[in-house]
Structure formats: C-alpha cells, structure tokens
> 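The structure's right below; bear with me while I get my questions together.
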Amino acid sequence: MDMFVAGSITTALTNSWVFKLLAMFPEIQEGAYQEIVENCTDGKVTPDDLPKLVYLEMIIKETLRHFSVPVTGRRITEDLKVNEELTIPAGIQVFLCAYTLHHDPQYWQKPGEFYPEHFSPANEASRPKGAYVPFLSGPRACPGKTYAMRSIKFLVANTLLRFKFSTDERPPPDVRNLDYRLIFMIWPTSGYNVKISKR
C-alpha cells in the first residue's frame with residue numbers, strides 16, 4: 001500500500017498539478033522552458049542536467065506547497081514539551097495540518113499565490129526548516145523524497161522541452177479558491193483540462 005499510494009499516486013498527482021499550473025501561468029511555463037533550453041543539449045534532458053534546473057525545482061516545490069498531502073497524523077510515544085506552558089503527554093494522537101502551515105503568512109510572502117520565488121535560495125535560507133514539510137521530516141519522513149523530486153523534475157523537464165501546455169481555465173487571484181476535493185491528496189474538481197501542443 002505504501003509503494004502504491006505514497007510512491008505512485010502522489011508522484012502522478014504532483015506531475016498533473018505541475019502541468020495544470022504551468023498551463024494556467026504561461027509566463028512561469030516560459031521561464032521554465034527557457035531554463036531547460038539554456039542548460040540542456042542535444043534536445044534532451046539527462047539526469048546530470050537536473051541540478052542546473054533551479055527554477056523548475058522552485059516550481060515543483062511551490063506546487064507541493066499548495067497541493068501535497070494536507071494532513072497527517074502521529075502518535076506521541078513519549079511526553080513532548082512544546083513550550084513552557086504546554087506538554088503533550090505520551091499516547092496522544094496528534095494531527096499536523098501541513099496545508100495551513102504551507103499558507104501561513106508568517107513564512108510565505110504571498111501565501112495564496114502560485115509564486116515559485118518562495119523557493120529562491122535567499123527565501124529558503126531565511127525560512128525555518130519546519131515551515132515546509134511536503135514529505136514530512138525526521139525519522140518518519142518519506143523515504144522516497146529524493147527519488148520523487150528527481151523523477152518529477154526529469155519527467156516535467158523532458159515534457160516541457162517538447163510540448164507546450166495551455167488552458168482556458170483562468171486561475172483565481174488566490175489559488176486556495178480553486179475548486180478541489182480531498183482524497184488523501186488534493187484533486188481539482190474540474191480535472192486537468194489542458195491543451196498540449198508540440199513546440
């Protein structure tokens with residue numbers, strides 16, 4: 001079940017959201033395409049090219065900020081001191097709402113916008129580590145995090161090199177107002193209605 005749900009559906013859904021969002025934001029798509037063309041040779045993207053695609057990684061991270069697994073639970077195995085006033089006793093089941101954390105204006109300049117610059121090197125360096133947890137963190141973090149990011153980046157880069165995405169669906173000013181439903185992850189109610197054309 002872990003391999004099927006955590007290793008397949010999540011990656012496929014993230015890829016789908018990336019293409020939908022790039023279709024909605026053509027200027028961001030064009031920026032990613034230009035980065036790919038400038039950094040990849042022979043008309044293809046190789047695994048060795050992936051570290052050069054910094055802006056594309058920012059886009060993927062921003063997609064995960066909005067549309068990764070929104071809530072997760074953990075059982076506290078020993079007393080956990082949160083601060084001077086609060087200690088969570090062992091045995092309690094707690095839930096982390098990553099969706100709320102990923103849209104907290106304390107950590108994000110434009111919480112409701114699709115804004116890849118949230119993940120510029122300077123912005124990432126200034127943000128507390130625990131403010132962004134699409135794969136969770138610590139000993140129970142997703143073991144496939146590195147593979148997932150590389151495979152998404154590789155697929156999206158090679159696809160953008162050959163195809164252009166567009167849509168008649170206009171994004172709202174705040175992407176949190178898109179119509180979606182929750183089935184483990186966040187799915188758009190309208191589906192992934194994009195037009196694909198060869199470059």
> Determine the minimum heavy-atom distance between Lys153 and Ile60, stating which atoms define it.
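For Lys153 versus Ile60, the nearest heavy atoms are CA-CD1, 3.6 Å.
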> With side chain to side chain contact (heavy atoms under 4.5 Å, CB included) as the criterion, how do Phe114 and Ile59 come out once you've worked through the C-alpha distance, each side chain's angles and the decisive distance to 0.1 Å?
CA-CA 9 Å; Phe114 185 66; Ile59 291 168; 4.0 Å; yes
> Donor-acceptor pair, Gln29 side chain versus Lys164 backbone, under 3.5 Å?
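Answer holds: no.
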> Mind running side chain to side chain contact (heavy atoms under 4.5 Å, CB included) on Leu178 and Ile186 for me, showing each step along the way?
CA-CA 11 Å; Leu178 283 168; Ile186 297 170; over 6 Å; no
> Indicate the atoms forming the closest heavy-atom contact of Thr11 with Ser151, along with that distance.
CG2-OG, 4.0 Å
> Which heavy atom in Ala23 sits nearest to a heavy atom in Val194, and how many Å separate them?
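Looking at all heavy atoms of both residues, the shortest contact is CB-CG1, 3.7 Å.
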> Looking at every heavy atom in both Phe95 and Gly73, which two are closest together, and how far apart are they?
CD2-CA, 3.7 Å
> Is any side-chain heavy atom of Leu53 closer than 4.5 Å to a side-chain heavy atom of Glu57?
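Side chain of Leu53 against side chain of Glu57, heavy atoms only: no contact under 4.5 Å found.
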> Please name the pair of heavy atoms, one in Phe154 and one in Val45, separated by the smallest distance, quoted to 0.1 Å.
CE1-O, 3.1 Å
> With a 4.0 Å cut-off, would you call Asp49 and Lys44 a salt bridge?
no
> So does Gly112 get a backbone contact from the side chain of His66, meaning a donor-acceptor N/O pair under 3.5 Å?
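No; zero donor-acceptor contacts below 3.5 Å.
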> Decide yes or no for Thr63 and Phe19: does some side-chain heavy atom of the first lie under 4.5 Å from some side-chain heavy atom of the second?
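With C-beta onward as the side chain, the pair stays apart.
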> Can Tyr115 and Val175 be said to form a side chain to side chain contact (heavy atoms under 4.5 Å, CB included), step by step?
CA-CA 10 Å; Tyr115 183 65; Val175 296; over 6 Å; no
> Closer than 3.5 angstrom, by distance alone: can the side chain of Glu169 be matched with the main-chain N or O of Asn193 as a donor-acceptor pair?
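Flag not set: sc Glu169 to bb Asn193 has no pair under 3.5 Å.
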> Compare every heavy atom of Leu56 with every heavy atom of Ala32, then report the nearest pair and how far apart it is.
CB-CD1, 4.4 Å
> Would you say Arg74 and Leu96 make side-chain contact, with heavy atoms under 4.5 Å?
no
> Tell me if the CZ atom of Arg150 is crowded by more than 12 foreign heavy atoms within 6.0 Å.
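No, CZ of Arg150 has 12 or fewer neighbouring heavy atoms, counting only those of other groups under 6.0 Å.
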> Report yes or no: does Asn123 contribute a side-chain atom to a donor-acceptor pair with the main-chain N or O of Glu117 at less than 3.5 Å?
yes
> Tell me whether Asp79 contacts the main-chain N or O of Pro89 through its side chain, where contact means a donor paired with an acceptor under 3.5 Å.
no
> Answer yes or no: is there a donor N or O on one side and an acceptor on the other, between the side chain of Ser68 and the main chain of Arg65, under 3.5 Å?
no
> A side-chain contact here means heavy atoms from C-beta on lying under 4.5 Å apart; do Trp17 and Leu64 qualify?
no
> Are Val94 and Leu86 linked, directly or through intermediate hydrophobic residues, by side-chain heavy-atom contacts shorter than 4.5 Å (ILVMFWY only)?
yes
> Does a sphere of radius 6.0 Å around CD in Gln109 hold more than 12 heavy atoms from other residues, nucleotides or ligands, not counting ones at 6.0 Å or beyond?
yes
> Output yes when a side-chain donor or acceptor of Lys20 lies under 3.5 Å from a complementary backbone atom of Gly191, and no otherwise.
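It does hold such a pair.
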> Look at the side chain of Arg199 and the backbone N and O of Phe163, then say whether any donor-acceptor pair between them is shorter than 3.5 Å.
yes
> Does any non-hydrogen side-chain atom of Val71 lie less than 4.5 Å from one of Tyr99?
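A side-chain contact is absent here, since even the closest heavy-atom pair is not under 4.5 Å.
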> Just by modelled atom types, is the Phe119 backbone N or O under 3.5 Å from a matching donor or acceptor in the Glu62 side chain?
no
> Does NZ or CZ of Arg127 lie under 6.0 Å from the centre of the six-membered ring of Tyr132, at an angle within 45° of the ring axis?
no
> Would you say the side chain of Trp108 lies within less than 4.5 Å of the side chain of His103, judging by non-hydrogen atoms?
no
